Amino acid sequence: MSIYDTLNEQQKQGVFTVEGPVLLLAGAGSGKTRVLTHRIAYLIEEIGINPWNIMAITFTNKAAGEMKERVEDLVGFGSDSIWVTTFHSTCVRILRRFIDRLGYDNNFVIYDTDDQKSLVKDICKRLNIDTKMFKERVIMSAISSAKDELILPNEYSMGTGGDYRKQKIAQVYQEYQAALKKNNAVDFDDLIMLTVELFKSCPDVLESYQNRFKYIMVDEYQDTNTAQFELIRLLAAANRNLCVVGDDDQSIYKFRGANIRNILDFEHHYPEATVIRLEQNYRSTQNVLDAANAVIRNNSRRKEKALWTDKGAGNRIHFRPFENAYEEAEFVADDIARKQREGIVEYGECAVLFRTNAQARLLEERFVVEGIPYDVVGGVNFYSRREIKDLLAYLKTVDNGRDDLSVKRIINVPKRGIGATTIAKVQDYADMHEISFFDALTVAENIPGLGKSVSKLTAFVSMIRVFRGKLEFAGLEALIKEILETTEYIKEMDAADEEDALARAENVDELISKIVAYEETHDEPTLSEFLEEVALVSDVDRLEDDNNRVLLMTLHSAKGLEFAHVYLTGMEDGVFPSYMTITSDDTGEIEEERRLAYVGITRAKEDLTLCAAKMRMIRGETQYNAVSRFVKEIPTELLDNKPPMSRQYDADMDTGAENRISKYNPMYNTMMRSKPVATVAPKRTAAENKPFIASGVGDFGKLGIVKGAGTASGGKPDYDAGDRVRHIKYGEGTVIDLEPGPRDYKVTVDFDDVGQKIMYAAFAKLKKL
DNA sequence: TAGTTGGGTTTTTTT
DNA sequence: AACCCAACTA
């Protein structure tokens, strides 16, 4: 009995074919991670390859972490020295050693999207480019695409032809790249592009990595862009032991440069490649698979696959249309609560998916009201929050004064009376003398026209110097605490008040915990390394699956995950597929959306529910949308409820786009001004909503346990009517009513800020004041 | 210089 | 609806 016995024939072939290029076409849920991990084990234990010679590349830290863990379980020791990382961290590691060959300092900083934007903005100002006509967004994405395609500024300039806009973008690109270098900074795209550049200009470096990485595996290959393709091609060129795993049907990242041709043309690039198809699905029921297959079949450019399962048909797909998005949210929350109550499924096995992050809000509100534990994945990245970015800017300034952007971000945060004019004068001086902004600050007394501001600037510089000393002699944790104390950052935050000051303070605490955790887990912790780790994490990375909460996330975030019960919400033309893709002339865009639908459907193991709302508020506009074409692509016999075909539901919006109600639509006047009763869904307060108990579910029965809340239910809370309490989200309020329910105490609270809410005591986690 | 207000603007997705 | 930015006021 060996670890390979449990694999099916195709999986075995994938594991045992270790020489030469291999294309593993792995359908959703076909066990590709199992193949990869077993393959690594096989290489080490059966072929005797040194773990040091193996590299496995993924896209997310989470995927890398999981793979590392699973490899560790399979091979006894030696797994530490396998490179299992993401593209971006691989490149950072390489560049940290060799980027000086390209004229950067090895302690470069990594710019995120915000940083890029302010840089582009600066440059536009300098070049007299009107950002009303040339939006930063557009310029940034043009630059990003160029980098994904390995087009350097010079080449870009040459390719502009007579196109005025392109010429302008080329100018900005040129300046932008120069500014990055001057700030000793790189952006996300640079990480890949510069590594390729390094390999091409320094054959000795490339060779050393080729000698090291004799066996290379790439996960989610359908998501690679041209630069990543080239990187892998170079690394694998010497040994050609390259195994790529992917599913062209799950390619959903075209917007960030993913080139689906990379996987479609693999056999063209590597004619000797072995192609293996993993078609047995171990995840979903036949009905779920049939639905997924029925949808994806409508795409033209794809490799035919026939996913099958030996699981039974399972439940039919539920389709639930609603009048508006409120009802949709209510249904999803009620349905999950019901299933949990009846012991059908636990919260942690449910996921609610949607196209855009904005859709989370309504669902979230409803989950709070009903006291269902949930987590929203994604949205604003932890490290993109203002307070975190501020503190990171302090850390970056302490670490590397060459990063002008960070210095400028914090020089007047909290307020020190250093204004725009002063900053401009310092910048002029820095430009003139070709020194960094921070270095200019250190000689502020030489800068003409600053007047009284000089003392403020020198005070700032000495503060940073004190911080540097602190770091050197007392470490990271001491540094961040010193920064917080000296700047009185928290106090300034409170002074600026807002109800989210508390949440921000919590974020700051979380950052401190991360710093402490980092220091504890590393033998030689450095500030630079910490900043680097922090720059490359996403929200999905920190997903923990042991806390039994319903997960709310976008379809993109859900890729690679699976859940027993899945709800796809907002299944409407104009929402999903999105309005942009419907109106685009590029038919490839709708195919990408369809792949996204395929990804969503195939997340479900047992049960899938599709929801649609006839009416929904988007960006402050009420829209009427037809049921998503993707729902209609599913054969009705797989559904328990037909998509409505009646004129009433479909007539005024069958094709969606031209019938949406908007200010730009000729229908706007008649439809909006006359305000048909149903058009404006009033924002309902919790108190107006039916209490959860009355939603027609009947007896809550005997299940006395509130799963996953972590709090025992049934006990009487320590507060009573009339008491003042605090809720983590709603703040302070007065308890109006506390009544025992069949399962748990139901508490009504009148919050000072948000009004009355009814919730279950076990979930509300109210603190008596 | 700092704080406020009003206007204009929102590809959806993220390493 | 929400956010960002520029212009304005104190």
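Numbers restart at 1 for each chain; the letters A, B, ... are given by sequence-line order, proteins then strands. These figures come from a predicted structure and were not determined experimentally.
In this view, A/Glu591 satisfies the salt bridge (charged side-chain N to carboxylate O under 4.0 Å, His left out) rule with no residue, not counting sequence neighbours. With sequence neighbours left out, A/Phe630 forms a ring pair (Phe, Tyr, Trp, His ring centres under 6.0 Å) with A/Phe576.
Among the heavy atoms of the strands lying under 4.0 Å from A/Lys135 are primed sugar atoms or P, OP1, OP2 only; no base atom is included. Among the protein residues, A/Ser578 comes within range of the nucleic acid bases, having at least one heavy atom under 4.0 Å from a base atom. No engagement by A/Lys559 is indicated, since no non-hydrogen atom pair under 4.0 Å with the nucleic acid exists. A/Asn357 comes within 4.0 angstrom of sugar-phosphate atoms only, judged by non-hydrogen atoms across all strands, and of no base. Within the nucleic acid shown, A/Arg361 comes within 4.0 Å of sugar-phosphate atoms alone, with no base atom in reach, counting heavy atoms only.
Comparing B/dT13, C/dA1, C/dC5 by their nearest atom to the side chain of A/Lys121 picks out C/dC5.
Using a 5.5 Å limit on the distance between ring centres and a 30° limit on the angle between planes, the aromatic ring of A/Phe87 does not count as stacked on the six-membered base ring of B/dT15. In this structure, A/Phe255 forms an aromatic stack with the base of B/dT13, since both conditions hold: centre separation below 5.5 Å and plane angle below 30°.
A side-chain donor-acceptor contact under 3.5 Å links A/Asn412 to the backbone of A/Arg416.
A salt bridge between A/Glu572 and A/Arg629 is absent, with no side-chain N of the basic residue lying under 4.0 Å from a carboxylate O of the acidic one.
Atoms CD1 (A/Ile252) and P (B/dT13) sit 12 Å apart, rounded to a whole Å. A/Arg594 places its CZ atom 21 Å from the P atom of B/dT13, with the value rounded to the nearest Å. If you take CG of A/Asp130 and P of C/dC5, they are 15 Å apart, rounded to a whole angstrom. As a whole-Å value, the separation of A/Arg619 CZ from B/dT9 C1' is 9 Å. We find that CD of A/Gln222 is positioned 15 Å from C1' of B/dT14, with the value rounded to whole Å. Rounded to whole Å, atom P of C/dA1 lies 13 Å from atom CG of A/Leu362. Atom CD of A/Glu621 and atom C1' of C/dA2 are 14 Å apart (whole Å). For the pair A/Tyr383 OH and B/dT15 P, the interatomic distance rounds to 13 Å; values are reported in whole Å.
With DNA chain B read from its 5' end, the first of the two nearest nucleotides for A/Thr356 and A/Phe59 is the one closest to A/Thr356.
Cation-pi geometry between A/Arg595 and A/Tyr253 is not satisfied (NZ or CZ under 6.0 Å from the ring centre, within 45° of the ring normal). Under the 6.0 Å distance and 45° angle rule, A/Lys168 does not count as a cation-pi partner of A/Phe134.
Note that the CZ atom of A/Arg302 and the CG atom of A/Asp247 stand 8.5 Å from one another [nearest 0.5 Å].
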Any N/O pairs under 3.5 Å between the protein and nucleotides 1-7 of chain B? List them or say none.
residue : atom : partner  : partner atom : Å
B/dT1   : OP1  : A/Gly419 : N            : 3.0
B/dT1   : OP1  : A/Thr421 : OG1          : 3.3
B/dT1   : OP1  : A/Thr422 : OG1          : 3.1
B/dT1   : OP2  : A/Thr421 : OG1          : 2.4
B/dA2   : OP1  : A/Gly417 : N            : 3.4
B/dA2   : OP2  : A/Asn412 : ND2          : 3.4

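Contact annotation: A/Ser141 side-chain N/O to B/dT11 OP1/OP2 distance is not under 4.0 Å.
Counted by atom type alone, A/Thr581 and A/Ser584 present zero donor-acceptor pairs between their side chains at under 3.5 Å.
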